Amino acid sequence: MANHHNETKIGTLHVVATPIGNLEDISERALKVLASVDMIAAEDTRHTGKLLSHFNIKARTFALHDHNEKQKAQQLLDWLNEGLDIALVSDAGTPLISDPGYAVVNLCREAGANVTPVPGACAAIAAVSCSGLPTDRFQFIGFTPAKSQARRQFFRQAVESGMTSIMYESTHRIMASLEDLQAELGSTQQVVFAKELTKTYETFFSGSVAELITFLTADTDKQKGELVLMLPAEQRDEQALTPEAKKLINLLESEMPLKKACGVAADYLGLKKNALYKAIIAEREE
Ligand code: SAM
């Protein structure tokens with residue numbers, strides 16, 4: 001039986017970051033790739049069209065809407081297999097980061113296609129790098145939930161994660177979100193707010209949530225635009241867990257549930273019940 005080799009090359013999917021405001025943030029490599037691929041898969045072809053015309057790049061674009069991304073992904077994979085090179089872009093920043101592209105990259109990876117990044121701007125990374133918060137460990141947790149109850153839990157989990165948390169927020173929800181943050185974690189909760197990064201009205205604000213609410217209420221223009229919120233990890237009250245406290249809790253725990261034991265020990269030692277409970281849970285988890 002004759003063995004027909006298919007000589008056509010397999011294409012590459014380039015995942016290309018674009019600017020988040022300042023067009024000069026596009027990389028030389030991004031421009032080169034965008035100009036050379038056979039097709040650009042874009043979140044919004046009109047939006048990307050403007051970027052391309054700014055840089056005088058003529059290219060075929062293909063719309064990648066979120067609701068039909070799975071079907072579009074299959075089409076893109078077919079083209080890669082036919083040997084076309086494709087660039088994947090979103091409206092701003094790095095594709096897939098709170099943006100479309102996951103279905104495409106996931107399918108292409110599973111199919112063993114060539115997928116390669118052209119890194120560049122990402123609002124989360126830009127924000128945290130200038131926040132003044134610890135960056136040795138951090139988590140990006142996407143957009144804050146739309147509903148108040150879910151949002152309060154989201155903020156609590158963020159500060160209890162043990163690391164800096166970065167999240168995206170929309171201009172319409174920022175005040176409601178900050179009210180929830182204050183209600184859940186208290187008015188002295190520290191927060192860093194980064195707005196309009198790389199643009200004319202770039203603003204960083206660090207302080208308590210109460211101070212941030214005052215700052216944004218004083219000038220409602222400051223609530224507008226694109227923004228990132230960051231929360232530091234809650235400081236653990238290491239003072240609370242003295243050897244004496246530990247011994248007392250261990251004794252009490254044979255007679256009552258841990259939470260109650262912490263309450264009794266805290267009363268006896270003049271410590272905060274919650275801090276003591278959290279400290280012992282944290283220690284046992286380690
Ligand atoms: N893929 C993008 C990235 O890599 O940053 C994020 C896309 S997401 C749909 C849009 C959100 O990112 C905005 O609501 C805002 O929270 C954040 N964002 C985007 N550009 C920003 C900027 N220039 N300054 C501050 N936040 C920005």
Side-chain angles (χ1 to χ4, degrees), residues 20 43 66-67 69 90-103 106 122-197 203-217 220 222-237 259 272-275 277-279 281-282 285-286:
I20 55 169
E43 176 181 6
D66 228 346
H67 55 273
E69 206 189 308
S90 61
D91 286 354
T94 303
L96 281 85
I97 309 303
S98 293
D99 262 346
Y102 169 72
N106 180 257
C122 174
I125 297 298
V128 76
S129 70
C130 292
S131 67
L133 296 175
T135 51
D136 51 341
R137 291 175 74 221
F138 60 79
Q139 57 171 359
F140 169 67
I141 48 180
F143 276 94
T144 61
K147 295 210 173 114
S148 183
Q149 198 50 43
R151 206 152 53 197
R152 286 179 63 152
Q153 205 184 341
F154 179 87
F155 290 139
R156 176 159 295 280
Q157 283 171 355
V159 299
E160 287 179 354
S161 68
M163 58 187 115
T164 297
S165 296
I166 314 167
M167 62 209 83
Y168 288 160
E169 183 54 284
S170 87
T171 178
H172 322 286
R173 286 210 295 258
I174 180 64
M175 295 315 287
S177 239
L178 293 177
E179 294 296 342
D180 282 339
L181 178 63
Q182 176 162 255
E184 184 66 26
L185 297 166
S187 58
T188 59
Q189 171 63 46
Q190 294 298 297
V191 56
V192 181
F193 167 93
K195 199 190 91 156
E196 298 284 274
L197 295 165
T203 309
F204 275 87
F205 181 97
S206 326
S208 69
V209 59
E211 287 165 340
L212 179 56
I213 290 172
T214 306
F215 173 76
L216 296 178
T217 311
T220 51
K222 294 217 170 72
Q223 298 168 22
K224 293 183 192 134
E226 298 197 281
L227 44 107
V228 180
L229 283 182
M230 289 159 286
L231 296 174
E234 187 176 63
Q235 291 297 312
R236 248 193 228 156
D237 198 347
K259 204 159 196 170
K272 282 188 188 158
K273 176 179 158 185
N274 253 342
Y277 180 65
K278 270 189 196 161
I281 291 286
E285 276 173 0
E286 265 165 20

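Along the sequence shown, residues carry numbers from 1. Just so you know, these numbers come straight off a predicted model, no measurement behind them.
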For this session: Could you list the residues that satisfy ring pair (Phe, Tyr, Trp, His ring centres under 6.0 Å) with F204, not counting sequence neighbours?
Result: none
For this session: Mind checking salt bridge (Lys or Arg N to Asp or Glu O under 4.0 Å) for K147 and listing every partner two or more places apart, or none if nothing turns up?
Result: none
Exercise. Who passes salt bridge (Lys or Arg N to Asp or Glu O under 4.0 Å) against R173, sequence neighbours left out?
Worked result: E169
For this session: State which residues pass side-chain hydrogen bond (donor to acceptor under 3.5 Å, both in side chains) with E184; sequence neighbours excluded, sorted by chain then number.
Result: R152, R156
Problem set entry | Exceeds 12 heavy-atom contacts within 6.0 angstrom, atom CD of E179 | yes
What donor-acceptor contacts under 3.5 angstrom involve side-chain atoms of residues 130-138, with partners at least two apart or in another chain?
residue: S131; atom: OG; partner: V128; partner atom: O; Å: 2.9
residue: S131; atom: OG; partner: L133; partner atom: N; Å: 3.0

Does [X] use its side chain to pair, donor to acceptor, with the backbone of [Y] at less than 3.5 Å?
X: Q223; Y: L216; answer: yes
X: E43; Y: D91; answer: yes
X: T214; Y: A210; answer: yes

For this session: Mind checking the CG-CZ spacing from L178 to F155? Nearest 0.5 Å is all I need.
Result: 7.0 Å
For this session: Just grab all the salt bridge (Lys or Arg N to Asp or Glu O under 4.0 Å) pairs involving residues 203-216, residues at least two apart or on different chains.
Result: none
For this session: Measure across A233 and M163 and return the closest heavy-atom pair with its distance rounded to 0.1 Å.
Result: CB-N, 3.4 Å
